[in-house]
Every structure is written in C-alpha cells, then in structure tokens.
Engineer: 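Supplied in structure tokens, the structure appears directly below.
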Amino acid sequence: MSTYRQERRADQAAEAEQRRIDAAAAEDRRAERQKAADERAARLREQARADKQADRAERQARRRARAERRALAWTPERIYRNGTLALVVASGLASLPAQIAHFVGISVMLLPVPLGLEGAAWVMAAGVAYADARSAPGWVRWLLRALVAACAGFAASINYGYGLSLGYGPHGLSPDNATAAGAGLAAVTVLGPLVFEIRQWVSTLAARDEDARQRRRHAARRRRHHRGVLRVARRLVSAAPFGALAAEEAWKRAWEVVHGPCEPGMTPGLEKRAVAAATQLAEARQPDAEAVSRRIRAGLAHPQFVLPDFGNVVPIRREKPQVATQVPPTGEKPAKAPRKRPVPPRRRKGDTPRFHSAAKVAAADTARRPSITANV
C-alpha cells in the first residue's frame with residue numbers, strides 16, 4: 001500500500017512540474033508575441049511619423065515653389081513686358097474691326113486691305129526689334145520706324161473717319177459722341193505701335209553694354225583725331241591677306257609710318273620734350289661746384305655743421321659732450337706708462353684722396369677768418 005501511495009505522490013508531483021513547465025512556456029510565448037506586437041506597432045508609428053514629415057516637407061516645398069513662381073511672375077520686368085503685350089493686343093482688337101467695317105462697307109473685295117495695313121505696321125515694328133538685336137545701322141531702324149508711323153497714321157485716319165460716320169443718319173450718335181468715338185479709335189490705333197516701340201527702346205537701353213559703348217566712343221575719337229594714321233592703317237589691312245593683320249597691329253604700324261615712334265601717341269615733338277625734361281632732371285639732381293661751395297661756406301658760418309664729402313663725414317667743430325661720465329673718480333693717480341716715441345706711418349703715393357676744388361675755396365675762406373680757424 002505504501003508503494004502505491006508513493007508512486008501516486010510521485011505522479012502528482014510530476015504532473016504539477018509538467019503543468020508549471022507548460023505554464024512557463026506559455027508565458028514565454030505570450031511575452032514574445034507581445035514583444036513582437038509592440039515592435040511592429042513602434043515600426044508602424046515610426047513609419048507614420050516619417051510619412052507625415054515627408055508630406056509636410058513636400059507641402060512646404062510646393063508652397064515655396066508657388067511663392068517663387070509668383071515672385072517671378074510679378075517682377076516689374078515681367079509686368080511691364082506682359083502689360084505692353086496686352087496693350088498691343090487690345091489696340092489691335094479695337095482698331096481692326098473699324099477698319100474692316102470701313103473697307104467692307106465700300107466693297108467686300110477690300111476685306112484684305114485692313115488686314116494687310118495692320119499687319120504691315122506690326123511687321124515693321126517687329127523689324128525694328130530685329131534690327132536692334134542684330135545691331136543694324138541706325139538708318140535701317142529709322143526707316144522701319146517711319147514705315148510703322150506711316151501705316152499706323154493711315155489706319156488712325158481711317159478709324160477717325162469711321163468714328164465720325166457713326167453720327168450720320170436718324171439713329172446715329174450725337175456729334176460729340178461721334179467725335180469722341182473717332183478720336184478714341186484713332187488714339188488706340190496709334191497707341192499699340194507706340195507702346196511697342198517704347199517697350200523695345202526700354203529693353204535696348206536696359207541691355208546696353210556700357211563697356212561696348214565706351215569702346216565705340218573711343219574708336220570714334222581715334223578716327224576723328226588721327227585721320228592720317230587711320231588711312232594708312234586701312235591700307236595696310238587691305239593690302240594684307242584677309243584676317244592676317246589685326247586692327248591694333250595695323251594701327252601701331254601706321255603710327256610708326258606716319259609719326260616715327262613705335263609707341264602709339266608719341267610724336268617727335270613729344271620725344272624731344274621728354275628728353276629735355278629728363279636732362280633737366282638729371283642736371284638738377286647733380287649739384288655743381290658753385291652749389292657745393294655755397295654749402296661749405298654756409299656750414300663754416302655755423303660751428304655745428306657737419307659736411308658730408310663722398311661718404312666721409314668731416315666735422316668742422318666738435319664740442320664736449322653734455323653727459324657726465326658714470327665712472328667714479330679714484331683716489332690714487334694712475335701710473336704713467338713709459339713714453340714711447342711713435343713710429344710715423346710710411347706714406348705712399350696716392351694714399352690720400354685729392355682735395356675738391358670747392359674745398360680749396362673753403363680753405364681760403366677759412367684762412368681769412370682767424371676766429372673760426374682758432375676754433376678748428
């Protein structure tokens with residue numbers, strides 16, 4: 001009996017241990033599932049946050065792009081250009097129907113006349129812009145402007161007459177209204193080409209290169225001031241093969257042929273003046289004997305004067321220094337050294353420089369002054 005109970009208790013203990021192990025394993029699996037779910041939720045939240053930030057950045061970029069486009073679209077230059085084009089279109093739409101009605105009222109066969117007249121005015125106006133872009137001669141641009149003015153003036157006269165004709169008949173306008181209509185049609189006809197010409201003029205002035213303008217002015221002054229050199233330079237360029245001789249090189253050669261000096265701008269007269277000025281400067285920098293004599297005499301009049309002579313300093317007078325010695329006096333007298341007869345130096349020929357002629361004059365002047373001689 002005891003054996004059975006022991007086995008029973010062992011089986012129950014084993015079952016309890018197995019249940020504990022199963023419960024622990026289930027808890028571990030639940031914890032792992034919970035951890036995986038938390039990590040997945042964190043990833044989803046992070047992805048949602050990143051998507052939200054990307055959407056916000058994209059919206060801000062689109063907003064900035066719209067602001068930049070709006071700023072570019074509303075610049076004074078674009079407003080002026082687009083505004084003038086709008087006025088040109090409005091002018092054409094206002095003036096063309098009146099011309100069509102006028103010519104069609106005369107005959108249907110005259111329908112192409114207003115189209116050709118208005119088109120000729122705008123083609124000539126575009127020709128002025130093309131001539132400015134290609135830097136055409138001035139007379140070409142003024143010829144095109146004259147044609148534009150002629151076409152626009154003729155169209156304005158037709159529109160003015162058409163506006164006055166609106167006052168005829170029992171149902172026509174009053175004379176004042178007819179005159180106002182004619183004047184308005186004529187003004188709007190001329191306004192389009194005039195605004196377009198002003199627009200082209202302003203664009204040309206804004207894009208003008210100041211350096212190129214200065215170069216053109218310099219070339220004009222050069223041609224006006226040196227006509228003879230210009231003729232020789234042109235002949236040299238025409239005589240050389242095409243492109244072989246540059247304009248500046250031809251100008252230098254022509255200047256040498258006409259005036260002589262190799263440097264442009266210099267002439268024989270200027271060369272003489274330059275040489276004379278250089279000679280005068282050299283003479284002024286090198287004093288003569290009279291100037292040296294005056295300096296020596298002025299120095300002898302002042303005992304403190306020190307005369308420089310070819311790098312040697314010759315003091316005319318030396319005074320005792322004003323600074324006292326720093327060595328204290330001793331009570332005993334220093335012992336006298338035995339006197340030795342000095343050996344005179346041996347003189348050689350040429351060991352001393354010769355006196356300057358101005359020094360002879362100064363020595364003679366010094367000899368005549370016993371007071372100064374005694375101080376030397």
Side-chain angles (χ1 to χ4, degrees), residues 69-208:
R69 289 195 300 269
R70 192 180 301 111
L72 292 176
W74 290 98
T75 57
E77 180 183 1
R78 293 180 64 89
I79 292 175
Y80 178 72
R81 288 179 175 273
N82 297 335
T84 52
L85 291 179
L87 289 176
V88 166
V89 172
S91 172
L93 294 178
S95 62
L96 190 59
Q99 298 178 49
I100 293 176
H102 175 77
F103 284 103
V104 169
I106 297 174
S107 174
V108 181
M109 301 297 294
L110 298 178
L111 178 62
V113 173
L115 301 178
L117 184 62
E118 195 73 19
W122 290 114
V123 168
M124 294 301 107
V128 174
Y130 179 73
D132 287 336
R134 298 300 297 270
S135 300
W139 66 269
V140 175
R141 284 173 282 185
W142 284 109
L143 176 61
L144 294 173
R145 290 189 180 101
L147 294 176
V148 172
C151 295
F154 182 66
S157 65
I158 292 174
N159 286 339
Y160 182 73
Y162 178 78
L164 294 180
S165 66
L166 295 178
Y168 302 150
H171 301 288
L173 301 177
S174 63
D176 294 338
N177 292 337
T179 304
L185 289 175
V188 79
T189 303
V190 179
L191 181 64
L194 179 61
V195 169
F196 188 81
E197 177 62 25
I198 294 174
R199 175 180 181 271
Q200 182 60 29
W201 179 59
V202 172
S203 301
T204 304
L205 290 180
R208 179 173 295 178

Engineer: Tell me the closest heavy-atom pair linking Ala94 and Val188, and the distance in Å.
Structural biologist: CB-CG1, 3.8 Å
Engineer: Hey, are the side chains of Val89 and Leu85 touching, using non-hydrogen atoms and a 4.5 Å cut-off?
Structural biologist: no
Engineer: Do Ser157 and Tyr160 touch side chain to side chain, with heavy atoms closer than 4.5 Å?
Structural biologist: no
Engineer: Looking at every heavy atom in both Ser95 and Thr189, which two are closest together, and how far apart are they?
Structural biologist: CB-OG1, 3.1 Å
Engineer: If I take atom CG from residue Leu117 and atom CG from residue Leu96, how far apart are they, to the nearest 0.5 angstrom?
Structural biologist: 9.5 Å
Engineer: Kindly compute the distance separating CE (Met124) from CD (Glu197), expressed to the nearest 0.5 Å.
Structural biologist: 13.0 Å
Engineer: Show the nearest heavy-atom pair for residues Ala181 and Leu166, with the distance to one decimal.
Structural biologist: CB-CD1, 4.5 Å
Engineer: Which heavy atom of Pro193 sits nearest a heavy atom of Val190, and at what distance?
Structural biologist: CD-O, 3.5 Å
Engineer: Assess the residue pair Glu118 and Trp122 against the criterion (side-chain hydrogen bond (donor to acceptor under 3.5 Å, both in side chains)); give the C-alpha distance rounded to whole Å, side-chain angles, the decisive distance to 0.1 Å, and a yes or no.
Structural biologist: CA-CA 7 Å; Glu118 195 73 19; Trp122 290 114; 3.2 Å; yes
Engineer: Have a look at Pro114 and tell me which of Val104, Ile158, Ile100 forms a side-chain contact (heavy atoms from CB on, under 4.5 Å) with it.
Structural biologist: Ile100
Engineer: Give, for atom CG of Leu143 and atom CZ of Arg141, the distance between the pair rounded to the nearest 0.5 Å.
Structural biologist: 12.5 Å
Engineer: Counting N and O atoms only, with roles assigned by atom type, does the side chain of Ser91 sit under 3.5 Å from a partner on the main chain of Leu87, one being a donor and the other an acceptor?
Structural biologist: no
